[in-house]
Number of protein chains: 2
Amino acid sequence: MDNLKILVVDDESRMRKLVKDFLVKKNYTVLEAEDGEQAIDIFFSNKDISLIILDIMMPKLDGWQVCKEIRQYSKVPIIMLTAKSDEKDELLGFELGVDEYISKPFSPKILVARVDAVLRRTVGIEEEVIEVGGIVLDKVAHQVKVDDKNIDLSHKEFELLTYFVTNQGVALSREKILNNVWNYDYFGDARTIDTHVKKLRSKMGEKGNYIKTIWGLGYKFEVDS
Amino acid sequence: MDNLKILVVDDESRMRKLVKDFLVKKNYTVLEAEDGEQAIDIFFSNKDISLIILDIMMPKLDGWQVCKEIRQYSKVPIIMLTAKSDEKDELLGFELGVDEYISKPFSPKILVARVDAVLRRTVGIEEEVIEVGGIVLDKVAHQVKVDDKNIDLSHKEFELLTYFVTNQGVALSREKILNNVWNYDYFGDARTIDTHVKKLRSKMGEKGNYIKTIWGLGYKFEVDS
DNA sequence: TTGAACTATGAAAAATTTGTGAAGAAAAAA
DNA sequence: TTTTTTCTTCACAAATTTTTCATAGTTCAA
């Protein structure tokens with residue numbers, strides 16, 4: 001989910017640096033292009049670019065042309081940077097499938113907020129999939145694959161595994177596990193965790209030993225490496 | 001696909017009329033509300049509103065509050081009308097899930113272009129005929145074929161199946177199903193879903209097992225492959 | 001090495017959830 | 001209104017999950 005790639009296209013290196021700095025701070029990976037041709041080259045040689053931030057005014061190919069070219073092959077979200085907020089421009093942009101508009105000068109906060117919003121709309125929702133050492137945990141589908149094979153887990157087992165996987169390498173006491181996976185009003189025996197761990201381990205096959213026992217404390221999920 | 005309903009909320013009747021006129025020209029159906037309370041009433045008593053255009057400055061409930069209230073139950077796209085283009089406002093809006101921003105004064109062309117764009121993003125992709133694994137669902141004709149044979153579904157059954165089919169592979173809790181297929185003010189037993197699922201399954205013949213039970217959670221529609 | 005403390009495991013018991021048919025309530029049609 | 005259809009509730013059986021428990025196996029520290 002993290003480290004989405006964003007391509008920033010602008011002929012002014014100062015502008016690119018400014019945008020990049022703020023995006024990097026938010027944990028995005030930023031690629032740069034200084035004109036339209038380069039932008040297209042970079043976009044098509046990187047298959048996993050999640051968003052393009054595109055200046056309109058550029059030498060060689062301008063923003064509109066880049067946009068049109070890319071739209072022939074891809075629905076990647078595009079945010080346009082525009083100097084003047086010209087109405088014609090905006091209309092043209094919507095026709096070309098531009099997702100957002102930001103007029104220069106803009107505040108970095110606005111920029112980051114829009115980037116977040118666009119990405120939430122596009123990649124955001126699907127990315128509820130966690131993958132760890134051959135285990136694929138799909139929260140939306142409520143489904144788990146181990147080595148590409150579906151395994152049937154009960155609700156509790158699913159939640160327990162989710163908790164483990166989202167806390168890799170962390171030693172988890174039984175109390176902590178109870179508090180996070182069970183309802184707060186559960187007052188039964190903590191040893192029920194052991195039983196669930198047993199079932200998880202057996203259902204997960206050899207990957208079951210990712211769930212380590214920490215003697216005297218609880219469990220820890222850790223992928224051998 | 002045509003005649004989508006748009007709710008326009010503004011305390012100035014002149015502004016409502018202006019917006020309405022342009023939207024009606026584009027073949028949208030326009031509902032009006034003159035304050036936040038009315039907006040919420042109208043929205044929740046009409047299940048098929050596709051977009052809300054919301055003024056921020058209003059007596060009683062302002063735009064933010066209306067937005068927040070509606071967002072608790074619905075992802076309906078919202079376009080905000082704002083007098084000043086205040087940066088703080090925009091940030092707040094993105095957090096609240098506002099889809100677009102239009103500053104007053106705006107040109108009608110801009111308005112219509114944005115409305116189109118937002119609707120294309122949201123309902124746009126929605127097709128009138130959905131086909132999935134031998135099931136053909138025709139929303140317009142309100143008719144369902146399984147293996148090329150018509151089957152008779154009641155209204156609720158049809159809506160439930162539609163919801164399932166448009167959410168393939170997604171684990172749906174009973175609560176979620178209730179919120180999306182039933183009116184928001186339904187406070188009956190969630191087990192009524194089970195009964196409808198039973199009937200759907202039996203009417204769908206062997207395709208009925210596309211509706212999977214997720215024990216302890218709800219149901220999931222999934223075509224075996 | 002030994003024993004106390006802890007964990008693993010299989011099986012049984014308890015609890016929860018779902019499937020189903022039927023009946024009652026509500027809504028729509030005649 | 002009456003009739004018909006649809007929707008909801010209910011009760012109970014069936015299916016499944018969760019917890020408990022007894023026993024066997026491990027670990028750790030003196």
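Here is the naming used below: chain letters follow the sequence lines, and residue numbers restart at 1 for every chain. Scope of the values below: all heavy atoms of this structure, side chains included, with no hydrogens, waters or symmetry mates.
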Which nucleotide in [options] has an atom nearest any side-chain atom of [X]:
X       : options                   : answer
T213(B) : dG19(C), dT18(D), dT20(C) : dG19(C)
R191(B) : dT19(D), dT7(C), dT20(C)  : dT20(C)
S154(A) : dC21(D), dT18(D), dG19(C) : dT18(D)
T195(B) : dG21(C), dG19(C), dT7(C)  : dG21(C)
T192(A) : dT8(D), dT6(D), dT20(D)   : dT20(D)
K198(A) : dG10(C), dT18(C), dA8(C)  : dG10(C)
Y186(B) : dC7(D), dT9(D), dT7(C)    : dT9(D)

From CA spacing to verdict: side-chain contact (heavy atoms from CB on, under 4.5 Å), V170(B), F221(B)
CA-CA 7 Å; V170(B) 178; F221(B) 185 92; over 6 Å; no

Output the rounded distance in Å from [atom1] ([X]) to [atom2] ([N]).
X       : N       : atom1 : atom2 : result
K156(B) : dA25(C) : NZ    : P     : 19 Å
I193(A) : dT9(C)  : CD1   : P     : 16 Å
L178(B) : dT8(D)  : CG    : C1'   : 12 Å
H155(B) : dC7(D)  : NE2   : C1'   : 12 Å
N209(B) : dT18(C) : CG    : C1'   : 17 Å
E159(A) : dT17(D) : CD    : P     : 14 Å
L200(B) : dT6(D)  : CG    : P     : 13 Å
L161(B) : dC7(D)  : CG    : P     : 14 Å

Regarding L217(B), tell me which of base, sugar-phosphate or nothing describes its non-hydrogen contacts under 4.0 Å with the strands shown.
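Here L217(B) touches the backbone only, sparing every base.
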
Tell me whether the side-chain N/O atoms of [X] come closer than 4.0 Å to OP1 or OP2 in [N].
X       : N       : value
H196(B) : dT8(D)  : yes
Y219(B) : dG19(C) : yes
R201(B) : dG19(C) : yes
W182(A) : dT19(D) : yes

Below 4.5 Å, heavy atoms only, C-beta onward: do [X] and [Y] meet side chain to side chain?
X       : Y       : answer
F164(B) : K220(B) : no
I6(A)   : I49(A)  : no
F43(B)  : V9(B)   : no

Does the T166(B) side chain pair with the main chain of Y163(B), one donor and one acceptor, at a distance under 3.5 Å?
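Judged by distance alone, yes, a pair lies under 3.5 Å.
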
Mapping W215(B) and K199(B) onto DNA chain D by nearest heavy atom, which one lands closer to the 5' end?
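Whichever sits nearer the 5' end wins; that is K199(B).
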
Any chance you could lay out the ring-ring contact (aromatic ring centres under 6.0 Å, His included) test for H142(A) and W215(B), step after step, and finish with the verdict?
CA-CA 11 Å; H142(A) 207 268; W215(B) 219 90; over 10 Å; no

